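Every chain is numbered from 1, with letters handed out A, B, ... down the list of sequences. For clarity, every value in this text was computed on a predicted model and none was experimentally measured.
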Protein chains: 2
Amino acid sequence: MFNSYRAVLNLPESKWEEFQCYYNRLEVPARTILLQEGEISKRAYLIEKGCVRVWFNNDGMDTTFQFFFENESVSSVESFRRQIPSPVTVETVEPCVLHWIHKDDLDQVFGDIYSDPANSAALSEMLFERQLHYMKHCISFIKHSPADRYVQLLRESPHIIQRVPQHYIASYLGITPVSLSRIRKKLMREGKI
Amino acid sequence: MFNSYRAVLNLPESKWEEFQCYYNRLEVPARTILLQEGEISKRAYLIEKGCVRVWFNNDGMDTTFQFFFENESVSSVESFRRQIPSPVTVETVEPCVLHWIHKDDLDQVFGDIYSDPANSAALSEMLFERQLHYMKHCISFIKHSPADRYVQLLRESPHIIQRVPQHYIASYLGITPVSLSRIRKKLMREGKI
DNA sequence: TGGATTTCTTATCTTTTGTTAACGTCCGGG
DNA sequence: CCCGGACGTTAACAAAAGATAAGAAATCCA
């Protein structure tokens with residue numbers, strides 16, 4: 001299996017074994033809904049292969065919040081942690097090989113996570129890292145134009161642009177597919193693509 | 001003194017006393033720079049009275065990232081935690097009464113924070129809460145127009161609009177002061193303000 | 001009080017983005 | 001092999017936002 005969490009949390013071998021055995025392998029086609037907006041999330045997923053998208057309904061429009069790829073874990077974090085109706089839908093973009101763990105099992109395994117100061121520190125570091133990530137994402141919206149953000153995405157996360165349909169990327173950038181098409185055309189004219 | 005942290009972390013009385021005594025009272029006028037972009041942050045501030053703004057230089061333009069008010073703590077989190085040059089400037093908007101603690105003292109007091117599982121859990125909860133906050137802030141940029149975001153700010157954080165100069169709010173919303181002025185005019189015409 | 005600074009508004013023009021609709025391409029299933 | 005859905009591009013027009021400049025209003029403080 002993979003070691004996404006292992007790398008971060010440095011679980012002791014025994015716990016790691018226990019942790020692993022709760023995971024369930026799942027193979028699904030593209031455009032499979034893993035969690036519907038409004039449902040209460042019971043599963044956290046690890047991606048072995050494929051791409052998953054988190055999006056929400058915006059006045060009938062499908063708006064992407066985030067993309068996830070190999071060796072990343074994905075869930076509706078708020079719903080999974082707080083057991084409240086999910087504000088977002090989780091859906092595969094490509095055919096995927098996933099591994100999921102049930103909330104109850106994860107709670108079981110992590111029930112005593114705070115009893116080890118090293119684990120607590122690692123968890124806190126992981127959460128802080130995520131906080132910084134979202135802070136930077138916010139700043140990119142305040143600071144840069146859609147065109148700039150597209151160029152940045154192209155530079156920093158080319159795999160997203162290569163593997164995700166363009167209209168999903170448009171909503172991820174906060175613009176319409178038509179506008180993104182125009183931006184791309186202009187960038188091509190200017191030789192920036 | 002106040003109890004911003006206390007409410008969140010539920011420190012034992014003894015630790016709380018120790019914690020408090022490291023704080024230094026500081027009174028400053030409006031437009032005082034508490035931390036300059038590029039400096040390494042050594043101080044975390046608690047606001048007793050006043051308003052503080054975190055902003056960054058964007059091609060010579062002054063762009064606001066966040067506002068902080070009474071009973072909130074403010075610092076350049078990344079710089080303070082990692083001891084790297086700050087990507088942002090921290091500056092007072094109004095005359096302020098502040099209380100600051102030195103990084104070294106805070107580390108001292110919190111050195112054994114992870115030894116208590118209850119504290120660890122509380123800290124993790126606080127970090128998760130912040131993660132959600134920034135996630136929601138990102139979503140508001142993808143989901144809503146500047147006009148919508150202004151109306152939302154008016155509804156959810158009227159104190160910001162009452163106490164902060166409008167051109168700071170404009171950059172906080174990711175638009176120009178001129179554009180915000182137009183949006184306000186339109187909202188007034190439509191009786192929404 | 002009065003002058004300087006900061007802040008806000010307005011006007012004009014340009015650029016960007018949204019909206020809607022049409023059209024072409026690609027791809028998978030019947 | 002054709003059909004239909006999904007995807008991308010383009011066009012035309014409307015709406016919104018940026019840039020710049022000028023001037024009014026508010027605020028500060030000496």
message: Less than 4.0 angstrom from a charged side-chain N to a carboxylate O is my criterion; do A/Glu129 and B/Arg82 meet it?
response: yes
message: Check this one for me: any side-chain N or O of B/Gln166 less than 4.0 Å away from OP1 or OP2 of C/dT9?
response: yes
- prompt: With a 4.0 Å cut-off on heavy atoms, is A/Ser179 in touch with a base, just the backbone sugar-phosphate, or nothing at all?
  reply: sugar-phosphate
field: Protein-nucleotide distance (A/Arg182, atom CZ; C/dT16, atom P), rounded to Å
entry: 10 Å
message: What is the separation between atom CD on B/Gln162 and atom P on C/dC8, rounded to the nearest whole Å?
response: 14 Å
query: Using the benzene-type ring in the case of Trp, are the ring centres of A/His137 and A/Tyr172 under 6.0 Å apart?
result: yes
query: Whole Å only: how far is the CG atom of A/Leu173 from the C1' atom of C/dT17?
result: 13 Å
field: Rounded interatomic separation in angstrom, taking CG from A/Asp148 and C1' from C/dT15
entry: 14 Å
message: Hydrophobic cluster membership, with links at side-chain heavy-atom distances under 4.5 Å among I/L/V/M/F/W/Y: are B/Val178 and B/Leu180 in one?
response: no
- line: Between CG of B/Leu187 and P of C/dT9 the distance, given in whole Å, is 12 Å
- request: Using a 4.0 Å heavy-atom cut-off across all strands, classify B/Thr176 as base, sugar-phosphate, or nothing.
  value: sugar-phosphate
task: List for me each residue that meets ring pair (Phe, Tyr, Trp, His ring centres under 6.0 Å) alongside B/Phe68, sequence neighbours excluded, and say none if there are none.
output: none
message: Within the 3.5 Å criterion, strictly below it, is a donor on A/Ser171 or A/Thr63 matched to an acceptor on the partner's side chain?
response: no
- line: In whole angstroms, the gap separating P of C/dT17 from CZ of A/Arg184 amounts to 15 Å
field: Boundaries of the DNA chain D segment in contact with chain A, non-hydrogen, under 4.0 Å
entry: D/dA6 to D/dA12
- prompt: Is the closest basic N to carboxylate O distance between B/Arg163 and B/Glu70 below 4.0 Å?
  reply: yes
- request: Identify whether any heavy atom of A/Pro177 sits under 4.0 Å from a base atom; if not, whether one sits that close to sugar-phosphate; answer base, sugar-phosphate or nothing.
  value: nothing
- prompt: To the nearest Å, how far apart are B/Arg53 CZ and C/dT6 P?
  reply: 13 Å
query: With no hydrogens and no angle check, do the side chains of A/Arg149 and A/Ser140 hold a donor and an acceptor under 3.5 Å apart?
result: no
- prompt: To the nearest angstrom, how far is B/Leu180 atom CG from C/dT7 atom P?
  reply: 14 Å
- prompt: Taking the nucleotide of DNA chain C with the closest heavy atom to each, which residue, B/Val178 or B/Tyr168, is nearer the 5' end?
  reply: B/Tyr168
